[in-house]
2 protein chains.
Amino acid sequence: MTDNDGMTTARTPVPEAARHLGLRERKKIKTRMAIREATYSLVKEQGYDATTVEQIADRAEVSPSTVFRYFPAKEDIVLTDEYDPLLEKLLRERPADEPVLESLRWAIREAMAMALTDNPAYEQDEMLLRVRLMVEVPQVRSRLMESMSVTGRLVCRALAERTGRHENDLEVRVYAMGLMGALLEAMIYWVEGDCRDDLPELIDRTLATFKDLPRR
Amino acid sequence: MTDNDGMTTARTPVPEAARHLGLRERKKIKTRMAIREATYSLVKEQGYDATTVEQIADRAEVSPSTVFRYFPAKEDIVLTDEYDPLLEKLLRERPADEPVLESLRWAIREAMAMALTDNPAYEQDEMLLRVRLMVEVPQVRSRLMESMSVTGRLVCRALAERTGRHENDLEVRVYAMGLMGALLEAMIYWVEGDCRDDLPELIDRTLATFKDLPRR
DNA sequence: ACACCTTTTGACAGTTACTCTCACTTCATG
DNA sequence: CATGAAGTGAGAGTAACTGTCAAAAGGTGT
């Protein structure tokens, strides 16, 4: 979502991809992670609203200025969305003549699987915390909804390629945002049910309420 | 404070529905309108961000405290959504055996028509300003998206009645929120095209990308 | 008219997210 | 190592809120 610094933020501690980078870049990644982790632990302890940016800065051992330099808003600390590029990649890997709903289903499935298996347990923990915050804290949810439109544009592009339409077609845009709204609601439903339901199944049922966007 | 000595009187006359109310209630309605109109004029002059609550309070001749008492947040001043009850009423008036998409189409059509014809010209002006702010100012758009979920619940209820499902069914909720996302995107599309397109037609095309939610 | 109670208001102080500026440190490079 | 660039911290400032409390205004009984 608001992760427009062009740099793909990595999840694994000081990732391999960063090895060749200068000390500067590596430090940036470190403080970024430090701020995130400080935030997560504080939010777990006291809740989101009770956690101030100053506390976060203290625990991350940086100044408040630096926190704001790394994240434009407090919500962005918990809500950095690095899955858009992954989703796009997975979507592109599907055969071009497959119905878009099918492609989406598989791409989302795959993305979720990767998020759950490729990450260590404590990160899965944080992911659940994040999802919960998205649903429960209005500010975070708002931001999430904003990021929905970014992902929506991504889906628009995929839809355009598949259906021979323009990515700015009303039908394309409307269909994409409809999908996003539906998927978001599915996630909320899932969290409300304490994450007990089988998420892939919920997503299947969600996508099943749509008809395929016809080719032009 | 806001004596009706002529000069500071609001453009909009106190509505008939308020006639029988006590002085207290009537005053409340008045200050509410005063705050709104102060906000609209200031925003027209300087833009949303440059307009502070203090300025709004000054122009509306109330204290800043009062502004916050009437509207929990600045965004809420421009974004009061009085159309939910109307939409619900119109939806209920449609025949119960009509496909839900049809009902929605007519209800939305009717609601729009009423909004455009029943209001004096300057209110239409303000409506356009509001719509534009919804699309352009992130904070306002966020709030709008939040309110989307409220309207979504309303649609859920209507869908539940029509399809014999429970209003908390995943399919119902997901379908409703999909609709809301799509309709919101249609509105954004309309504003981006400088409101030149025929809005009812856009809505028809939007709803046409959905299949009907089957009865259970 | 008057007293009495309730609702509404304004003044004020405080918190917090965020912005901007500027001096200072830290890294990169020839 | 010197020189420039990038990153950081300190501090001041803004504006959206929040909470409290005393004063004012509306409503109601006698």
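In what follows, chains carry the letters A, B, and so on, assigned in the order in which the sequence lines appear, proteins first and then strands, with residues in each chain numbered from 1.
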Quick test: give all pairs of protein nitrogen or oxygen and nucleotides 2-5 of chain C nitrogen or oxygen below 3.5 Å, distance rounded to 0.1 Å.
none

Solution key, residues 151-158 of chain B side-chain donor-acceptor pairs under 3.5 Å, sequence neighbours excluded:
residue, atom, partner, partner atom, Å
B:Thr151, OG1, B:Asp84, OD1, 3.0
B:Thr151, OG1, B:Asp84, OD2, 3.3
B:Thr151, OG1, B:Ser147, O, 3.3
B:Arg157, NH1, B:Glu88, OE2, 3.1

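- Within 6.0 Å of the CD atom in A:Glu54, the count of heavy atoms belonging to other residues, nucleotides or ligands does not exceed 12.
- Rotation axes derived from the C1' atoms of the five outermost pairs at either end of the helix from C:dA1-D:dT30 to C:dG30-D:dC1 lie 20° apart, to the nearest 10°.
- Counting only heavy atoms from C-beta outward, the side chains of B:Ile108 and B:Leu183 approach each other to under 4.5 Å.
- When the P atom of C:dT15 is taken as reference, atom CD of A:Gln46 falls 16 Å away, rounded to whole Å.
- No donor-acceptor pair closer than 3.5 Å links the side chain of A:Arg173 to the backbone N or O of B:Ala186.
- Proximity of B:Glu192 to B:Tyr189: side-chain heavy atoms (C-beta onward) are nowhere separated by under 4.5 Å.
- Contact annotation: the side chain of B:Leu101 approaches that of B:Leu179 to within less than 4.5 Å [non-hydrogen atoms, C-beta and beyond].
- Side-chain contact between B:Tyr48 and B:Gln139 is present, with at least one heavy-atom pair separated by less than 4.5 Å.
- Whole-Å rounding puts the A:Lys74 NZ to C:dT15 P distance at 16 Å.
- Listed by chain and number, the residues in a side-chain hydrogen bond (donor to acceptor under 3.5 Å, both in side chains) with B:Arg165 amount to none (sequence neighbours excluded).
- A straight line from NZ of B:Lys28 to C1' of D:dA25 spans 14 Å, rounded to a whole angstrom.
- Of the residues in residues 52-69 of chain A, those placing a heavy atom less than 4.0 Å from an atom of DNA chain C are A:Thr52, A:Val53, A:Phe68, in numerical order.
- When each of B:Glu25 and B:Asp49 is assigned the nucleotide of DNA chain D bearing its nearest heavy atom, the one mapping closer to the 5' terminus is B:Asp49.
- Atom OH in B:Tyr70 sits about 18 Å away from atom C1' in D:dC17, given to the nearest Å.
- Note: CG (B:Leu42) to C1' (D:dA16) measures 16 Å, nearest angstrom.
- You'll find the side chain of B:Leu79 reaches within 4.5 Å of the side chain of B:Met134, heavy atoms only.
- At whole-Å resolution of the value, CD1 in B:Ile29 and C1' in C:dT8 are 15 Å apart.
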Task: Derivation and outcome, side-chain contact (heavy atoms from CB on, under 4.5 Å), residues B:Met187 and B:Leu144 - done: CA-CA 12 Å; B:Met187 205 184 67; B:Leu144 174 68; 4.1 Å; yes
Please write out each protein N/O paired with an N/O of nucleotides 24-26 of chain C under 3.5 Å, distance rounded to 0.1 Å.
residue, atom, partner, partner atom, Å
C:dT26, O2, A:Arg24, NH2, 3.1

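- The distance from atom CD1 of B:Ile77 to atom P of D:dA16 is 9 Å, rounded to the nearest whole Å.
- Side chain of B:Lys44 to backbone of B:Leu129: no donor-acceptor contact under 3.5 angstrom is found.
- Ring geometry for B:Phe210 against A:Phe210 counts as tilted: the plane angle lies between 30° and 60°, on a 0 to 90° scale.
- Note on A:Asp194 versus A:Arg132: salt bridge recorded, some NZ/NE/NH1/NH2 to OD/OE distance being below 4.0 Å.
- For the atom pair CD of B:Glu146 and CZ of B:Arg141, the computed distance is 13.5 Å after rounding to the nearest 0.5 Å.
- Mapping A:Thr31 and B:Glu75 onto DNA chain D via the closest heavy atom, the residue that lands nearer the 5' end is A:Thr31.
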